[in-house]
2 protein chains.
Amino acid sequence: MNKTILIVDDELRIRKLIADFLVREGYSTLEADNGRIALELLAKEHIDLVILDVMMPKDDGWTVCKELRKKSNIPVIMLTARGEEVDQLFAFEIGVDEYVTKPFSPKVLTARVNALFRRIDTEKANVYDGLEINTAARQVSINDHSLDLSPKEYELLTYLTENSGKALSRQQILNQVWSYDYFGDLRTVDTHINRLRTKLGDKSTLVQTIRGYGYRFEAEK
Amino acid sequence: MNKTILIVDDELRIRKLIADFLVREGYSTLEADNGRIALELLAKEHIDLVILDVMMPKDDGWTVCKELRKKSNIPVIMLTARGEEVDQLFAFEIGVDEYVTKPFSPKVLTARVNALFRRIDTEKANVYDGLEINTAARQVSINDHSLDLSPKEYELLTYLTENSGKALSRQQILNQVWSYDYFGDLRTVDTHINRLRTKLGDKSTLVQTIRGYGYRFEAEK
DNA sequence: GGAAATTGTTACAGTTCTGTTACAGAATTT
DNA sequence: AAATTCTGTAACAGAACTGTAACAATTTCC
């Protein structure tokens, strides 16, 4: 089923413009011309993402977002007017995921939406073919059988899974899992991959070698 | 190999700040404090993305971007000052892919960069008559059946596909896929083409021989 | 048709790369 | 402080990759 995006803006023209391009990208859309209706829709409908204009006559975007956040972790993209002061820390605390400055090109908006969904989707998938990663508990298990990973092994595994399906070079891995100013041997990565694979047992095939490049985590289809 | 980002800004402080966070994200960086040096670096080095400050004393960001666009399709992120009027249509025509308003949080900047690369990478996930090349995963597949290519074979194939429809001489291929200072036998290219064709199976006809010259990748219409 | 040029194919040896293990020092726990 | 665990490096063996050469097949040109 298509993802549904709720567009909240008091201007019909803007709503239609946005809806037009999102539909073209393959999304379903809902519309609300004020905060109250937006919140009602959120309670009733299954909505995957909200695009929210800051400037609205009744309740402004910030208020709607704050209300929304009490009930949901739905991603929010804010539309801000050019020149409008935006306190990024405030926005972050409220739980805005992205902004787009008006006027915007449809290209930019749809790109943001796509990128945000990709991010959410990858964050959600914490079970890979029977390998479960509980980030809150910092615990990894295979078929409810807990794995005893060292700190580095855990960090390495989560970096791989967070970028599941992507080729990661040894340098990239070293930069991320160790640190950007760590100047160690690239082969260190290999050793840790080896240790990780050993502990992964028959799930070790999830960690694929890319010869001459690095590694890739891959949940088989 | 890491993606390389060129940072163009006249202020050392800003450059270092940006470079710091990008390196932490696993990118390599290059720096230029003016447009001329930026263009020189672009000609010499392999650069995947440019971050460009609009306000610079010699050539402003727009000029640099326009020059750059004559020679390359590298994605560009513009740094604009808050309150600075930006004509988005103008920027779009010049070929700017994203902006970030100063002052910005590193989080916002790196998020933009990551999102842009994701977009580029997924756009790049090209399909040629059933042959799919996923550059992010560094993976090639035919009808969802993954091919096991060696590093050279992969590089060769992507070089061919990136120049799809163009005749490439053996020397040109050797210069690009090997390196410009590699002095090997031209027939080495033939051998690798042969290996590649073998692995491509019934898609091998995509790689055409140009007698007396070299090869050409051609997606049939 | 036949010679020359060009390309396809295969084999092989040298090189590079990766998996694995061992070990010593560092960090952590007891 | 001792014991245990963790970590980074080095070393080695085996596997994969690569470049060259030699020969076969094909195309071009006379």
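So that the names make sense, note that chain A is the first sequence line, chain B the second, and so on, each numbered from 1.
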**Q.** Pairing residues for N194(A) by the side chain to side chain contact (heavy atoms under 4.5 Å, CB included) criterion, not counting sequence neighbours
**A.** T198(A)

Q. What pairs with D185(B) under side chain to side chain contact (heavy atoms under 4.5 Å, CB included), at least two apart in sequence or on another chain?
A.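 D185(B) satisfies side chain to side chain contact (heavy atoms under 4.5 Å, CB included) with R187(B), T188(B) once adjacent residues are dropped.
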
Q: Just jot down the ring pair (Phe, Tyr, Trp, His ring centres under 6.0 Å) partners of F217(A), sequence neighbours excluded, or say none.
A: Y128(A)

Q: Applying ring pair (Phe, Tyr, Trp, His ring centres under 6.0 Å), name anything that partners Y215(B), two or more places apart in sequence or on another chain.
A: none

Among all residues two or more places apart in sequence or in another chain, which pass the salt bridge (Lys or Arg N to Asp or Glu O under 4.0 Å) test with [X]?
{"X": "K16(B)", "answer": "E31(B)"}
{"X": "E25(A)", "answer": "none"}
{"X": "R170(A)", "answer": "D190(A)"}
{"X": "R36(B)", "answer": "E40(B)"}

(Q) Whole angstroms only, please: what is the CG-P distance between L196(A) and dT7(D)? (A) 12 Å

Q: Give the first and the last nucleotide of DNA chain C, reading 5' to 3', that has any atom under 4.0 Å from a heavy atom of chain A.
A: dC17(C) to dA22(C)

(Q) One character per nucleotide, please: for nucleotides 12-24 of chain D, 5' to 3', B when the base has a protein heavy atom closer than 4.0 Å, S when only the sugar-phosphate does, - otherwise. (A) ---BSSBBBB---

Q: Under 4.0 Å between any heavy atoms, over every strand shown, what does Y213(B) touch: base, sugar-phosphate, or nothing? Just pick one.
A: sugar-phosphate

**Q.** Pairs touching residues 195-210 of chain B that satisfy salt bridge (Lys or Arg N to Asp or Glu O under 4.0 Å), sequence neighbours left out
**A.**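 Every pair satisfying salt bridge (Lys or Arg N to Asp or Glu O under 4.0 Å) with a residue in residues 195-210 of chain B: E153(B)-K199(B).
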
**Q.** Helical bend (five base pairs per end, nearest 10°) for the helix from dG1(C)-dC30(D) to dT30(C)-dA1(D)
**A.** 30°

